[in-house]
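Data first, discussion second: the structure below is written as structure tokens.
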Amino acid sequence: MNKADSERMAGILKSMGYIEAKKELEADLVLYNTCTIRDNAEQKVYSYLGRQVQRKHSLPHLKLVVAGCLAQQEGEALLRRVPEIDLVMGPQHANRLESLLTKVETGNQVVATEEHHILEDLTTARRDSKICGWVNVIYGCNERCTYCVVPAVRGKEQSRTPDAIKKEIEDLAINGYKEITLLGQNIDAYGRDLPGINTNGRRKNTLTDLLYYVHNVKGIERIRFATSHPRYFTERLIRACAELPKICEHFHIPFQSGDNYILKQMARGYSIEKYMRIINNIRSLIPHAAISADVIVGFPGETNQQFKNTLNVLERIGFDHVNTAAYSPRPNTPAALWKNQLSEETKIDRLQEINELVEKIAKQRNERYRNKIEEVLVESINPKDNKQLMGRTRTNRLTFFPKSIINRSINIGETINIKIDSIRSFSLSGTPIN
Ligand code: SF4
């Protein structure tokens with residue numbers, strides 16, 4: 001989500017005539033798009049800002065902008081802490097960057113963090129990839145998970161209309177994009193705030209309806225979506241994914257804890273049994289689907305047994321990938337105020353233990369690709385080895401392979417069959433075949 005916001009803001013700066021500086025310490029305007037999901041992300045921003053503040057003392061024309069979730073969380077307090085900042089802007093204001101910078105030009109310090117209806121994006125994002133594009137479909141989140149700062153910093157749910165989304169996808173296709181990822185903090189909430197009921201009394205604009213609606217855009221070969229919420233994940237959605245050929249066989253469904261008591265404390269609104277049912281449904285309809293998830297360890301009060309229950313779910317499900325995090329108390333969230341916080345040492349130990357298991361399981365899961373032929377969309381040159389290209393399988397496995405096949409070079413943006421001959425925990429390598 002932050003990457004997509006950054007690309008939109010970079011597009012606005014480009015349309016205003018800004019050119020990307022080669023180095024951060026050479027720029028006349030520096031914009032940090034910040035994250036506050038964990039404390040260490042927050043601390044990094046202050047350290048980056050420190051360097052720019054030093055520069056600003058000798059370069060008064062230097063403009064410093066702090067955007068994103070930390071900006072929203074801290075608001076004016078950020079200006080008190082770092083008075084050299086010119087503009088503090090929350091994520092809902094990303095599309096207003098030009099008008100906010102115009103105010104800054106008049107010599108004002110500006111804070112834009114009020115609740116704001118997100119404007120339909122009129123500027124072309126400056127996207128990092130020419131092949132795969134992010135498409136926001138819903139902003140904000142109305143859930144109240146007790147550990148999570150997102151609703152406080154990204155505001156209420158605001159869905160874009162199906163037509164606006166489809167138009168953006170058509171534009172991407174015209175510009176040569178092959179893959180799109182539909183984005184929402186809780187993408188299953190898509191359309192809850194849009195009007196419309198079907199004749200059968202069902203809501204008209206669900207994520208499933210949206211998938212059917214955008215599926216036929218010519219030129220787009222692959223469609224992904226994230227992030228799913230087990231509370232709202234429907235069987236109808238799984239059936240649509242099985243039926244629509246462009247929808248990739250990868251589901252990212254955070255489960256956060258394998259223990260029902262902790263899930264309740266987190267206010268997630270599902271049990272681990274319901275989560276298992278979703279995974280079983282996916283696997284019965286789409287047997288080769290990859291499943292990934294997010295997990296938090298060391299939530300307040302988590303006992304050793306409750307932690308073991310999480311490890312147990314990892315083994316039972318056999319995830320292709322899991323993003324793990326040690327619980328980090330966030331401002332303005334209920335769990336941060338609870339007295340039963342665990343020590344940093346326990347959290348780090350549990351994180352280490354779970355990471356080892358995640359890696360082991362991911363490698364076991366990857367064995368299923370050995371000697372198989374996988375369809376890979378070529379995304380770029382491997383930044384660590386320019387003799388290789390890289391791309392992803394439909395199941396989202398990063399794959400590396402040589403740049404040519406028989407007597408021709410392979411092009412970025414091409415879809416190519418790769419015979420997988422080398423397996424690691426988080427990536428594959430192989431040989432292109434005709
Ligand atoms: S659904 Fe996701 S974004 Fe929303 S509050 Fe829960 S964890 Fe945060």
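We count ligands from 1, going down the list as the structure has it; atoms in each ligand are counted the same way. No experiment lies behind these values; they were computed from the predicted model shown.
Listed by chain and residue number, the protein N/O/S atoms under 2.8 Å of atom 4 (Fe) of ligand 1 are Cys141 SG, with waters left out.
Scored by the ring pair (Phe, Tyr, Trp, His ring centres under 6.0 Å) test, His215 finds no partners at all (sequence neighbours excluded). For Asn304, there are no side-chain hydrogen bond (donor to acceptor under 3.5 Å, both in side chains) partners, not counting sequence neighbours. With sequence neighbours left out, Glu179 forms a side-chain hydrogen bond (donor to acceptor under 3.5 Å, both in side chains) with Arg224, Arg392.
Ring centroids of Phe299 and Trp338 are separated by less than 6.0 Å, placing the two rings close together.
Salt bridge absent: Lys103 and Asp86 never bring a charged side-chain N and a carboxylate O closer than 4.0 Å. Taking 4.0 Å as the cut-off between side-chain N and carboxylate O, Glu249 and Arg394 count as a salt-bridged pair. A salt bridge between Glu235 and Arg239 is present, with a side-chain N of the basic residue lying under 4.0 Å from a carboxylate O of the acidic one.
Protein heavy atom at the shortest distance from atom 7 (S) of ligand 1 is Tyr147 OH, 3.4 Å.
Residue contact annotation: Arg268 has a non-hydrogen atom under 4.0 Å from ligand 1.
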